[in-house]
Structure formats: structure tokens, C-alpha cells
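Working notes, structure below.
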Amino acid sequence: MLVVAFGCASGDADAPARSAAPRSPYLLAPADGWPQELGEGERSALAVGFAALARDGDHAAALTAADALLASSPDLYPARVLAAQAELAAGSPQRARVRLEGWIAEQPGYRAARLLWARLLELGGEVALAHGEYVALADQLLIASQRARATRDPAVEQAEVRLEEALGAGRIDQARTWVDRLAAWQPEGSERVLAARLRLARASGDEPGEIQVLRAFHARGRQERGLIERLAALELDIGDADQALRLLEGLAARHPGDASLESQLVAAQLRFRLRLLPENVRRLASRGELRRGDFAALVYWMVPGVRQTQGASARIATDVLDHEWQQEIIRVVNRGLMKVNPVLHRFEPDRRVTRLEALASAIEVAAERPGGECARDAATHPAPGAAFLCGVAARCGLVAEADECLPQASLSGGEALEILGRALSVRPAE
């Protein structure tokens with residue numbers, strides 16, 4: 001490695017003054033690290049131009065030598081490096097960058113170019129990118145190692161800003177690159193890296209990635225309620241239902257009497273019980289849209305006491321005979337939790353179930369619970385319509401408010417379990 005000196009442009013032709021120019025550790029001989037063979041004339045001209053810059057601080061002579069080489073060989077990259085070194089010595093870092101842009105990324109092992117590029121990035125305020133370049137050269141060059149240490153903290157801070165900018169603009173691939181850089185510059189288990197991975201996972205909809213980060217946070221002792229609730233929800237959906245149950249039980253113990261946590265805990269218990277049920281029932285929880293027969297099966301298997309209801313042949317709908325969920329539908333109908341068309345005497349098991357139908361069933365379930373006073377007037381209403389049922393559902397906490405009822409919307413398996421869980425955890429009004 002050749003460490004050289006250069007001075008600022010002064011226009012002074014006095015050689016002793018130039019020889020006193022300040023030293024610069026950022027300039028290497030232009031051929032240092034260049035992977036291709038140079039011709040004898042090219043090597044000689046580069047050496048003369050670089051010597052003028054290194055020994056005498058004569059950036060004009062170095063630039064003349066470089067441009068003469070480029071006039072005959074425009075793609076001679078060592079000549080571009082010499083020209084960039086001369087431009088920087090002349091106090092023109094932007095012009096120096098122009099000499100390197102467009103091809104520098106193609107030459108990861110070209111030390112003279114990459115060290116100069118790192119310095120130009122740093123001078124231009126792009127400390128995060130500069131830090132990455134210094135890190136790549138740190139085991140080869142002392143100055144790179146020194147600058148890597150000096151720029152690490154500001155580089156990390158700038159990388160976090162760039163990550164937020166990329167996420168805000170929806171540039172997920174760019175955001176992922178910044179996360180990878182942060183991970184390379186920080187210990188993998190550090191809070192900053194975990195926080196960055198969490199932001200990226202949430203922005204990109206990467207639930208497996210999100211659950212891994214939340215597990216790592218929890219393992220580090222993080223106990224924020226929002227973090228644990230989200231982790232429990234993901235464990236229920238794609239992870240370990242046992243762990244979800246433990247997490248929510250711990251939260252409920254810390255916040256006794258919290259209706260929201262009690263509802264989540266009941267939902268987790270339903271999911272836990274679901275794991276013990278037949279495979280065809282378990283599959284219902286992951287369906288994007290349930291049929292009426294599917295919903296009846298979930299009610300049958302998930303609501304305590306329904307399986308003990310005796311069937312009555314007089315109330316068997318004609319269109320459920322030989323249906324996959326015949327037994328479940330009969331028990332649910334006989335329990336009064338779902339309705340049969342009284343005129344056509346049909347259940348329509350293969351029609352999609354609406355949210356209003358599911359909420360009507362959940363209201364019946366809630367009415368039988370110890371805290372179900374909020375739902376009991378629905379049973380005596382002569383003709384409960386959508387507005388009335390949505391109001392009852394909101395009063396009982398089955399939906400956050402009546403406007404969220406969405407009566408004719410379809411229902412997924414996960415939503416069905418959530419509604420049933422809320423019905424089973426209904427609490428008396430205070």
C-alpha cells in the first residue's frame with residue numbers, strides 16, 4: 001500500500017511550498033487493486049501523473065496525465081481514479097464523484113477506487129454509505145479501519161433515518177437493504193436491529209418475520225402490553241397456541257378485570273381447544289369465507305353445552321340430510337343458535353354466512369352466559385332487524401360499535417372464532 005500526500009489547490013508554482021502539502025491517507029496508487037493487466041505505457045503515464053500529485057501536490061499535472069490517457073482509452077478506470085484524485089486535490093469533490101459514478105459498484109475489489117469513493121461519500125454527507133465502504137476495506141487499510149470506527153455511530157443513526165424514509169415511501173426492497181446494513185453494523189440481537197426488523201416486517205406484511213422479532217423482544221424481558229398482545233395474536237394464528245395462552249394468562253393476571261384481555265383470553269382458549277378437534281374442524285379456522293354449515297360446525301364444537309343438545313327429527317331441515325355437517329347443524333338449530341327458513345324448511349348450509357347471522361348466533365350464546373344481560377332482550381324482540389341486532393352486539397362488546405357490524409359482509413374462520421370468544425367472555429355491566 002502506498003500512502004500519499006496532496007495539498008489544496010493554491011496556484012503557487014513554488015516547488016518547496018508544494019512539497020510541504022498536507023498528507024492525505026485517502027489516496028492510493030491508481031492501479032492498487034485494479035484486477036486487469038495494464039500496458040507498459042499506461043503504467044508509466046499513471047505513475048508519472050500520480051507522482052506529480054503525491055510528491056509535488058500538482059493536481060493540474062495529474063489531471064492532464066489522466067485526461068490524456070482517457071482520450072485514447074475512455075474505459076481505462078485507473079485513469080479515471082487518477083482524475084478523481086486530482087479533482088479532489090483541487091477542491092472539487094463533486095467533480096471527483098462524477099469520475100467514479102456509474103462503474104464503481106462493478107469493482108468491489110478495486111481498493112484505490114473504493115477508498116477514494118468512501119471519502120467522497122463521507123465528504124458529501126452520506127456517512128452511512130461511506131461507513132459501509134470503510135468496513136469493507138477495514139481489514140486491508142489502516143485508514144479504512146480508523147474511519148469505520150469513527151463513522152459507525154453516525155452511520156447507524158443515518159441508516160435508521162433512511163430506513164424510515166424508505167418505509168414511508170413504500171420502497172420495501174430499499175428498506176430491506178438498510179435493515180441488512182444495520183444488522184451488519186450492530187450486534188444481531190441489539191434493540192436497534194430488532195426494532196428495524198420489526199418495522200420492516202410490519203410494513204411488508206411479513207408475519208413470520210414479525211413473530212420472530214417479537215419473540216426475541218419477549219426473551220429480552222420486554223413486557224409492554226401492546227407487544228405481548230400482538231405476539232399472542234400471532235402465536236394463535238401462525239405459531240404456538242400454548243404460548244399464546246400463557247402470554248394472555250400472564251397479562252390478565254397483571255390487569256385483573258380488563259374486559260379486553262378476558263375476551264382475548266377466551267379466544268385463545270378457543271384456539272387451544274381447536275387444536276384438539278378433528279382435522280376437518282381445525283381447517284375451518286383458516287378459511288377466508290365460511291358457509292352457514294361451516295359456522296354451525298364451529299358453534300357446535302366451540303360453544304360449551306351444544307354437543308349435549310339432543311337432536312329432534314321434526315326440526316331437521318330437508319337440505320342438510322347427508323351433509324358433511326348434518327349432525328352439527330341439527331344440534332345448533334335445536335339449541336336455537338341458528339335458524340331454519342320456516343316456510344321452505346331449509347337451512348341453506350352451503351350459502352355463505354353473513355356477519356349479521358353470526359352475530360345473531362353470538363348474541364344467543366351471550367344471553368346464556370352469567371354476564372349476558374345485555375343480550376337477553378333480543379330473545380323477546382318480535383322481529384329483530386339488522387339495526388337492533390347490531391346495537392345489541394355493540395352493547396355486549398361483540399363489535400366495537402354498531403357501525404362496525406357490517407351485516408351483509410362475509411365471515412372468515414378467524415373472525416368467527418373472535419366473535420364466539422367475545423360472546424363467551426361477556427361480562428355484566430358495571
Side-chain angles (χ1 to χ4, degrees), residues 26 33 77 80-81 84 88 93-141 144-145 147-217 220 222 224 226-227 230-231 233-234 237-238:
Y26 297 100
Y77 291 149
R80 295 191 186 185
V81 171
L88 179 58
Q94 287 301 321
R95 294 175 65 177
R97 285 187 62 157
V98 171
R99 298 280 189 168
L100 302 181
E101 286 173 341
W103 61 269
I104 186 73
E106 302 169 5
Q107 302 294 335
Y110 188 2
R111 294 198 306 176
R114 300 215 74 89
L115 180 61
L116 180 62
W117 182 244
R119 180 58 174 166
L120 290 171
L121 289 172
E122 185 180 2
L123 291 174
E126 298 177 58
V127 64
L129 295 178
H131 178 72
E133 296 288 345
Y134 287 136
V135 168
L137 296 170
D139 61 347
Q140 304 175 52
L141 301 170
S145 176
R147 295 311 300 159
R149 289 193 297 272
T151 57
R152 193 192 74 161
D153 290 345
V156 168
E157 292 175 3
Q158 189 177 81
E160 290 176 328
V161 173
R162 296 288 185 265
L163 169 61
E164 291 304 321
E165 291 172 348
L167 292 175
R171 297 191 295 267
I172 299 300
D173 288 344
Q174 189 178 106
R176 187 172 289 110
T177 297
W178 282 113
V179 170
D180 289 343
R181 285 173 176 150
L182 279 169
W185 303 340
Q186 296 273 288
E188 176 57 32
S190 73
E191 291 273 336
R192 298 180 94 154
V193 173
L194 289 174
R197 291 198 184 283
L198 183 60
R199 291 195 294 272
L200 175 62
R202 287 177 171 171
S204 61
D206 178 13
E207 290 190 342
E210 184 179 359
I211 196 173
Q212 291 300 322
V213 175
L214 291 175
R215 284 170 174 171
F217 271 131
R220 293 171 66 93
R222 294 278 294 271
E224 297 93 325
L227 182 151
R230 178 57 179 165
L231 176 56
L234 288 172
D237 287 340
I238 62 173

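Sequential numbering from 1 along the given sequence is applied to the chain's residues.
- The minimum heavy-atom distance between G209 and A201, with the atom names listed, is C-CB, 4.0 Å.
- Here the closest heavy-atom approach between residue A96 and residue L88 is recorded as CB-N, 4.0 Å.
- Applying the side chain to side chain donor-acceptor pair (under 3.5 Å) rule to R181 yields no partners; only residues at least two apart in sequence or on another chain are considered.
- Smallest separation of non-hydrogen atoms from L214 and L227: CD2-CG, 3.8 Å.
- For the pair L100 and A113, the tightest heavy-atom approach, listed with the atom from each and the gap, is CD1-O, 4.2 Å.
- Annotation: side chain of D206 is not in contact with side chain of L200 (no heavy-atom distance under 4.5 Å).
- Not counting sequence neighbours, the partners of P154 by the side-chain contact (heavy atoms from CB on, under 4.5 Å) test are V127.
- Put simply, CG on L120 and CD on Q94 are 8.5 Å apart, with the number rounded to the nearest 0.5 Å.
- Between R99 atom CZ and I104 atom CD1 the span is 14.5 Å, to the nearest 0.5 Å.
- Remark: S145 engages A138, R149 in a side-chain contact (heavy atoms from CB on, under 4.5 Å) (not counting sequence neighbours).
- Legend: residues meeting side chain to side chain donor-acceptor pair (under 3.5 Å) with E160, ordered by chain and number and at least two apart, are R192.
- With values rounded to the nearest 0.5 angstrom, R199 atom CZ is found 13.5 Å from W178 atom CH2.
- In terms of heavy-atom proximity, S190 sits nearest to Q186 at OG-CB, 3.8 Å.
- Annotation: ring-ring contact (aromatic ring centres under 6.0 Å, His included) contacts involving residues 179-211, sequence neighbours excluded, comprise H131-W185.
- Y134 meets the ring-ring contact (aromatic ring centres under 6.0 Å, His included) test with no other residue; sequence neighbours excluded.
- Counting heavy atoms from C-beta on, the side chains of L198 and F217 come closer than 4.5 Å.
- Between atom CD1 of residue I238 and atom CD1 of residue I211 there is a gap of 4.5 Å, rounded to the nearest 0.5 Å.
- Scanning both residues, L163 and A175, for their nearest heavy atoms gives CD1-O, 3.5 Å.
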Which is it for R162 and Q174 under the side-chain contact (heavy atoms from CB on, under 4.5 Å) test, yes or no, and what are the steps along the way?
-> CA-CA 9 Å; R162 296 288 185 265; Q174 189 178 106; over 6 Å; no
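- In this structure, CZ in R114 is found 9.0 Å from CG in L121, a value given to the nearest 0.5 Å.
- Here the side chain of R220 pairs a donor or acceptor atom with the backbone of G189 at under 3.5 angstrom.
- Under the rule for a side-chain contact (heavy atoms from CB on, under 4.5 Å), the partners of A203 that lie at least two apart in sequence or sit in another chain are L167, I172.
- Listed by chain and residue number, E122 satisfy the salt bridge (charged side-chain N to carboxylate O under 4.0 Å, His left out) test with R147 (two or more places apart in sequence, or in another chain).
- By the salt bridge (charged side-chain N to carboxylate O under 4.0 Å, His left out) test, D153 pairs with no residue at all, sequence neighbours left out.
- A heavy-atom distance below 4.5 Å is not found between the side chains of E126 and E133.
- In this structure the side chain of R176 reaches within 4.5 angstrom of the side chain of D180, judged on heavy atoms.
- For the side chain to side chain contact (heavy atoms under 4.5 Å, CB included) test with Y110, the passing option among L116, L115, V81 is V81; the others fail.
- In this view, A136 satisfies the side-chain contact (heavy atoms from CB on, under 4.5 Å) rule with no residue, not counting sequence neighbours.
- Annotation: side chain of W117 is in contact with side chain of E101 (closest heavy-atom distance under 4.5 Å).
- Contacts of R95 classified as side chain to side chain donor-acceptor pair (under 3.5 Å), with partners at least two apart in sequence or in another chain: none.
- A side-chain hydrogen bond (donor to acceptor under 3.5 Å, both in side chains) check over residues 207-217, counting only residues at least two apart or in different chains, returns the pairs R202-E210, E210-R230, R215-E235.
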